[in-house]
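Since the model is a prediction, treat every value here as computed from it, not as a measurement. Residue numbers start from 1 in every chain, and the chains themselves are labelled A, B, ... in the order their sequence lines are given, proteins ahead of strands.
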Protein chains: 2
Amino acid sequence: MNSSDKIKVMIVDDHDMVRIGLRTYLMLEPRLDIIAEAGNGKEALQWLEARKEEEHPDIILMDMMMPEMDGIEATRSVMAKFPAIKIVMLTSFLEDDKVYAAIEAGAVSYVLKTVSAEELIYAINGAFKGMPVMTADVSQALTRGLRQRTAQSGDEDLTEREKEVLLLIADGLSNKEIAEELHISIKTVKTHVSNLLMKCEMEDRTQLAVLAHRKGWAKRA
Amino acid sequence: MNSSDKIKVMIVDDHDMVRIGLRTYLMLEPRLDIIAEAGNGKEALQWLEARKEEEHPDIILMDMMMPEMDGIEATRSVMAKFPAIKIVMLTSFLEDDKVYAAIEAGAVSYVLKTVSAEELIYAINGAFKGMPVMTADVSQALTRGLRQRTAQSGDEDLTEREKEVLLLIADGLSNKEIAEELHISIKTVKTHVSNLLMKCEMEDRTQLAVLAHRKGWAKRA
DNA sequence: ATTGTCCTCGGTCTAGAGACCGAGGAACTC
DNA sequence: GAGTTCCTCGGTCTCTAGACCGAGGACAAT
């Protein structure tokens, strides 16, 4: 533990030009050292797994929207395997539920891509000390996201099957289509849907779909 | 008109780090000269209007998603007032209808932010000659976008009232609740819903809600 | 004046959604 | 063995959703 050591940073973003921009940003702060880059979450994980923990970065600048494996999922995986790494989530947009999802996944900070170099460096320094740095708009989005979370009790007490059904509902499938997709009776689907409605305190499948999308559970394709 | 003149480029993007990355990209090609930058379409227009045409750029690299005035709208305005300028649209995502909208607005090329420096320079050189440069994925999206348009396109040919109803559906409201919210009969709501289902080529309100969320139309709170 | 679009509202009808009742089997825990 | 949870499936019921039919008034464009 040498306090004079540089902060090792890894950049994960699918856009080459953004990575270049970030590199230029971080070159302004001599204490920062960019030791690795990756084009998506999968690449980042593979890079980390192929190396010893001593070679790992202190900070990962993680883009939210990426092909293969997005920032949320990648953050979850990285935190599960290498909890020592601090992750700063980078994004272009401010979506309440995404902010919450990022924090829940284990990200220390959540930074908009509109930041200046100084702000980003400040956020990285803060993250290195384990201190989340939030701009006003982000923290507002977070509280809104939290309100949504705490509002409905049924968070993760859904069974695996129920989660499957919920995702299909969030994809716009009817009960019949879900039954065919899962190779079960339409009656069983109805049972799951009823349980979902009860647990999530929703009134119909449309509200379930909305819920899933707001929480970021639904697939984007 | 000197053929040895440099190609004058203007960069319009709300992300400082992307602008830095783009500058670094374009510095690789000495024939390119970055003469201006702007953070959104409005700024870009103001900059152009405040200067003589001789000082105008040959090429504008225009980001699609921006605050104040987005890339589509800005392209339309620029083309209306300064048709000599060639616009290369830059974007992070590949949405079929957006590609079409960009071309329709007057953009010469449509380039993903995942491009390398060489590809971008190639696209700029092509645009300078008035030749659209498309990667395979973009041109596929364009044809798909065209198919959607010519077929029916569930895009923006919705009436104001229909958009209102769609947003409420995307919020999880029932027909009865929508009727109360808008102070109209439940019968009228049903009419709007039926029209929405037809125009958007969806089968039920849940799919409408999913569509709205995927397109980013739905409100978050 | 005519055409067209939009918003409004009504009736009827069918199919799906969802509530509520039941139950059996599998897997796990104590 | 007893209890629990989960997944499965059935019947019956009510209610909403949505399709399809109609129509009238407001408003703008030509």
J.: Could you tell me how far apart A:K163 (NZ) and D:dC6 (C1') are, to the nearest whole angstrom?
T.: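 So the NZ-C1' distance, A:K163 to D:dC6, works out to 14 Å.
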J.: Quick check on D:dC6: is either OP1 or OP2 less than 4.0 Å from any side-chain nitrogen or oxygen of A:T159?
T.: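 Result: no.
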J.: Kindly indicate whether the side chain of A:K187 and the base of D:dG11 share any N or O donor-acceptor pair separated by less than 3.5 Å?
T.: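 Donor-acceptor pair under 3.5 Å: yes.
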J.: Does C:dA19 have OP1 or OP2 sitting under 4.0 Å from an N or O in the side chain of A:S194?
T.: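 Result: yes.
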J.: Indicate, with a heavy-atom threshold strictly under 4.0 Å, whether A:L197 touches base, sugar-phosphate, or nothing.
T.: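 Sugar-phosphate, no base atom in range.
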J.: What's the CG-P distance between B:N175 and C:dG16, to the nearest Å?
T.: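 Checked: the CG to P distance equals 18 Å.
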J.: Which nucleotide in the set C:dC7, D:dG18, D:dC7 lies at the smallest distance from any side-chain heavy atom of B:R205?
T.: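 In terms of side-chain proximity for B:R205, the closest of C:dC7, D:dG18, D:dC7 is D:dG18.
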J.: With distance as the sole test, does A:E162 use its side chain to make a donor-acceptor pair with the main-chain N or O of A:T159 at under 3.5 Å?
T.: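 Between the backbone of A:T159 and the side chain of A:E162 there is a qualifying donor-acceptor contact (under 3.5 Å).
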J.: Please state how far atom NZ in B:K176 lies from atom C1' in D:dG18, giving the value in whole angstrom units.
T.: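 The answer, rounded to whole Å, is 18 Å.
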J.: Does B:R19 pair with B:D63 as a salt bridge, N-O distance under 4.0 Å?
T.: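 No.
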J.: Starting at atom CZ of A:R161, determine the distance to atom C1' of C:dA27, rounded to an integer number of angstrom.
T.: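 These atoms are roughly 16 Å apart.
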J.: Between atom CD1 in B:I178 and atom C1' in D:dA17, what is the gap in whole Å?
T.: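 After rounding, the gap between these two atoms is 11 Å.
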J.: Can you tell me the distance, in whole Å, between the CG atom of B:L173 and the C1' atom of D:dT16?
T.: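 In whole Å, D:dT16 C1' and B:L173 CG are 15 Å from each other.
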J.: If you assign B:H192 and B:D204 each to the DNA chain C nucleotide with the nearest heavy atom, which residue ends up on the more 5' nucleotide?
T.: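 The 5'-side residue here is B:H192.
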J.: What's B:S185 touching, base or sugar-phosphate or nothing? Going by heavy atoms closer than 4.0 Å.
T.: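 The residue B:S185 makes sugar-phosphate contact but no base contact.
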J.: Output the rounded distance in Å from CD (A:E160) to P (D:dT5).
T.: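 Spelled out: CD on A:E160 to P on D:dT5 is 17 Å.
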J.: If only atom types and distance count, is the side chain of B:S194 paired as donor or acceptor with the main-chain N or O of B:K190 below 3.5 Å?
T.: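 Side chain of B:S194 to backbone of B:K190, a donor-acceptor pair under 3.5 Å: yes, one is there.
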J.: Between P on C:dG18 and CG on A:N195, what's the gap in Å once rounded to a whole number?
T.: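 These atoms are roughly 13 Å apart.
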J.: Tell me if the CZ atom of A:F82 is crowded by more than 12 foreign heavy atoms within 6.0 Å.
T.: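 Enclosed: over 12 neighbouring heavy atoms sit under 6.0 Å from CZ of A:F82.
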J.: D:dC7 phosphate, OP1 or OP2: any side-chain N/O from A:T188 under 4.0 angstrom?
T.: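 Indeed not, no polar side-chain atom of A:T188 lies that close.
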J.: Determine whether any donor atom in the side chain of A:K190 lies under 3.5 Å from an acceptor atom in the base of C:dG18, or the reverse, and answer yes or no.
T.: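 It does, because a donor-acceptor pair links the side chain of A:K190 to the base of C:dG18 below 3.5 Å.
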J.: Tell me if a side-chain donor or acceptor on A:K86 pairs with a main-chain N or O of A:V108 at a distance below 3.5 Å.
T.: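 Absent.
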J.: For A:S174, answer base if it contacts any base atom (sugar-phosphate contacts may also be present), sugar-phosphate if it contacts only those atoms, and nothing otherwise; contact means non-hydrogen atoms under 4.0 Å.
T.: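 The residue A:S174 makes sugar-phosphate contact but no base contact.
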J.: Base, sugar-phosphate, or nothing for B:E162, non-hydrogen atoms under 4.0 angstrom?
T.: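 Since no nucleic acid heavy atom lies under 4.0 Å of B:E162, the category is nothing.
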J.: Can you tell which of D:dC6, D:dT8, C:dC9 lies closest to the side chain of A:T191?
T.: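 So the side chain of A:T191 is nearest to D:dT8.
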